[in-house]
Amino acid sequence: MLDRKFIVDNADAVQQNCQNRGVTADVAKLVQLEQERREKLNDVQDLNRQANEKAKSIGKEKDPDKRQAIIEEGRRLRDAKDKVQQEHDTLEKQTAAIQNGIPNMSHPDVPIGEDDKSNLEIRRGATAIPEFSFPIKDHVEIGETLDLIDFESGARVAGSGFYFLKNEAVLLELALQQYAVQELVAEGFTPVVTPDLAATEILHGTGYIPRGPETQIYSIENSNLNLVATAEITLGGMLAGRTVDSADLPLKMCGISHCFRTEAGAAGRASRGLFRVHQFTKIEMFAFTLPDQSTQILEEFCDLECQIFDGLAIPYRVVDTATGDLGGPAYRKYDLEAWMPGRGDGGQWGEVTSTSNCTDYQARRLNARYKLKGTKGTHFLHTLNGTAIAISRALIAILENYQQEDGSVGVPKVLQPWVGKETIRV
RNA sequence: GGAGCUGUGGCUGAGUGGUCGAAAGCGCCGGCUUGCUAAGCCGGUGAACCGUUUAUCGGUUCCCUGGGUUCGAAUCCCAGCGGCUCCGCCA
């Protein structure tokens, strides 16, 4: 969430930003409610002060009658306080409700537009789009022919959107994990296997909203636990409510987790096969940084994603995500879209990774702070996240780009040590 | 899952219902000392928020979390969560 003072002081800019992002929020109302709330808060504090004074004077008063009088007065003050406190709390709730709906501000260079059509391509990867001299298959067909992916059994066991990986697909999954983690560890990331479940407060802190009608999140009944949609949730939660020494920053981690998504309302979209599934494995980059580090680290994350996909020799492009397509917490977001030859008519770009600078938006809700040695007070951290590899989508890109005329599929060179072969055949 | 113990400041650890934001030690910061010398001495040292000022000063809140009792709660009561130990179960 945004800082309330900031919203009040920059109401026009915040309102404009909401509009750019296609978010409805009554900023003016928030400003008004917040002003009233502060007046109530002052009243509460003043009544508390008076009541405290009375309470302290009681111990010193020896005369029973006078003592009783002070007790009565103290009780009256507390009652009065409770009443004003309630009024304050109501205002607080209303203010918070509006505040929660306001997205992060946007980087000035972010293209302004309603949806992903306004995303701006900023560069392409090192590998050219392949030209095939034979009729190509999509990954679903390839997966079936080579006995790599079993959607039918997945549907039987857990419903549509689930699948079994088999044979070399399993080796590819493990190889991709190894590859990505090795790359990131070499770059100084701390590898972390995170819980696949997280408490509701942690989800809220990172900007995910469980249990709504449109929720993307699976929740566990009779508990406050939820299946995570990404390790971003758990990694962000690691510092929730904590204050770290600025000397330890930036903190860079790569998390390995399963990701679970309901994909409510996503039916009918281009989602054949592995593209939009309810469960997949993901290697996620995450960083806690000082405010003046986050801009550079976003570029670093993007470069690493490019490095990983260049290493796999998969063609991709990088887009600067438009205002209307940014998630609530993101200040700026880059997506890598890999070329997927089997998608649409003659191939399409499909999102494979995404990296965001969330500035202090998540940290404020998580209450994750840093302290500068030798100074008073604390400040909110910046958080960034980025996909290193989302296995399911990487599999699509590999199977479709590496397919060969005889029906076999080549294994990317960097994965061969773990897969143990150069080609996957029937 | 069951039983017992436990949860205080960056850490260790005192704490009688009122004078406790909280002893002491460690750590940290500043200064002094340089014949107790990989030391000694003195002083300082939590956070958020509100108001005032913007060098400051005043106030509110915070002793796991949430309720409750009370004029007043770190201290009493209830619930929850975490930790430790033992038992059961299990990969």
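Numbers restart at 1 for each chain; the letters A, B, ... are given by sequence-line order, proteins then strands.
Separating the P atom of B/rA3 from that of B/rU8 is a span of 24 Å, rounded to the nearest Å. Taking atom C1' in both B/rC64 and B/rC84, the straight-line distance is 15 Å, to the nearest Å. Spacing between B/rC76 and B/rG15 at atom C1', rounded to whole Å, works out to 15 Å. The same atom, C1', is picked in B/rG18 and in B/rU75; the two are 11 Å apart, to the nearest Å. With C1' as the reference atom, B/rC11 and B/rG17 are 29 Å apart, rounded to whole Å. B/rU70 and B/rA55 are spaced 43 Å apart, taking the C1' atom of each and rounding to whole Å. Taking atom P on both B/rU53 and B/rC32, the two are 37 Å apart, rounded to the nearest angstrom. Rounded to whole Å, the P atom of B/rG21 lies 12 Å from the corresponding atom of B/rC63.
Listed by chain and number, the residues in a side chain to side chain donor-acceptor pair (under 3.5 Å) with A/Gln68 are A/Glu72 (sequence neighbours excluded). Listed by chain and residue number, A/Thr194 satisfy the side chain to side chain donor-acceptor pair (under 3.5 Å) test with A/Thr234 (two or more places apart in sequence, or in another chain). Considering only residues two or more places apart in sequence or on other chains, A/Lys137 meets the salt bridge (Lys or Arg N to Asp or Glu O under 4.0 Å) condition with none of them. Under the rule for a ring-ring contact (aromatic ring centres under 6.0 Å, His included), the partners of A/Tyr370 that lie at least two apart in sequence or sit in another chain are A/His379. By the side chain to side chain donor-acceptor pair (under 3.5 Å) test, A/Gln94 is found to be paired with no residue, residues two or more places apart in sequence or in another chain being considered. Contacts of A/Asp303 classified as salt bridge (Lys or Arg N to Asp or Glu O under 4.0 Å), with partners at least two apart in sequence or in another chain: A/Arg123.
Summarising the local packing, CE of A/Met238 is surrounded by 12 or fewer heavy atoms from other residues, nucleotides or ligands at distances under 6.0 Å.
B/rU12 is paired with B/rA24 under the criterion used here, namely a Watson-Crick or G-U wobble arrangement in which both key atom distances are under 3.5 Å. Across all strands shown, B/rC5 forms a Watson-Crick or G-U wobble pair, both distances under 3.5 Å, with B/rG83. Under the Watson-Crick or G-U wobble criterion, with both distances below 3.5 Å, B/rC89 is left unpaired in every strand shown. Of the nucleotides present, B/rU61 is the one that pairs with B/rA47 by Watson-Crick or G-U wobble criteria, both distances under 3.5 Å. With a cut-off of 3.5 Å on both Watson-Crick or G-U wobble distances, the partner of B/rG30 is given as B/rC42. With a 3.5 Å ceiling on both atom-pair distances, B/rA55 lacks any Watson-Crick or G-U wobble partner. Remark: B/rA73 base-pairs with no nucleotide in the shown strands. Criterion, Watson-Crick or G-U wobble with two distances under 3.5 Å.
Atom-to-atom, OH of A/Tyr370 to C1' of B/rA47 comes out at 16 Å; the value is rounded to the nearest Å. Computed from coordinates, the A/Asn48 CG to B/rG72 P distance equals 10 Å when rounded to whole Å. Taking atom CG of residue A/Leu372 and atom P of nucleotide B/rA47, one finds them 13 Å apart after rounding to whole Å.
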May I have the step-by-step check of side chain to side chain contact (heavy atoms under 4.5 Å, CB included) for A/Glu284 and A/Thr230, ending in yes or no?
-> CA-CA 8 Å; A/Glu284 179 82 352; A/Thr230 160; 3.7 Å; yes
B/S/- contact track for nucleotides 48-59 of chain B, protein heavy atom under 4.0 Å | S-BS-------B
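For the pair A/Arg393 and A/Phe275, the cation-pi test (distance below 6.0 Å, angle within 45°) is passed.
OP1 or OP2 of B/rG10 has not a single side-chain nitrogen or oxygen of A/Lys371 nearer than 4.0 Å.
Contacts classified as salt bridge (charged side-chain N to carboxylate O under 4.0 Å, His left out) and involving residues 11-29 of chain A (residues at least two apart or in different chains) are not found.
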Protein-nucleotides 65-71 of chain B N/O pairs closer than 3.5 Å?
residue, atom, partner, partner atom, Å
B/rC71, OP1, A/Arg75, NH2, 2.1
B/rC71, OP2, A/Arg75, NH2, 3.4
B/rC71, O4', A/Ile71, O, 3.4

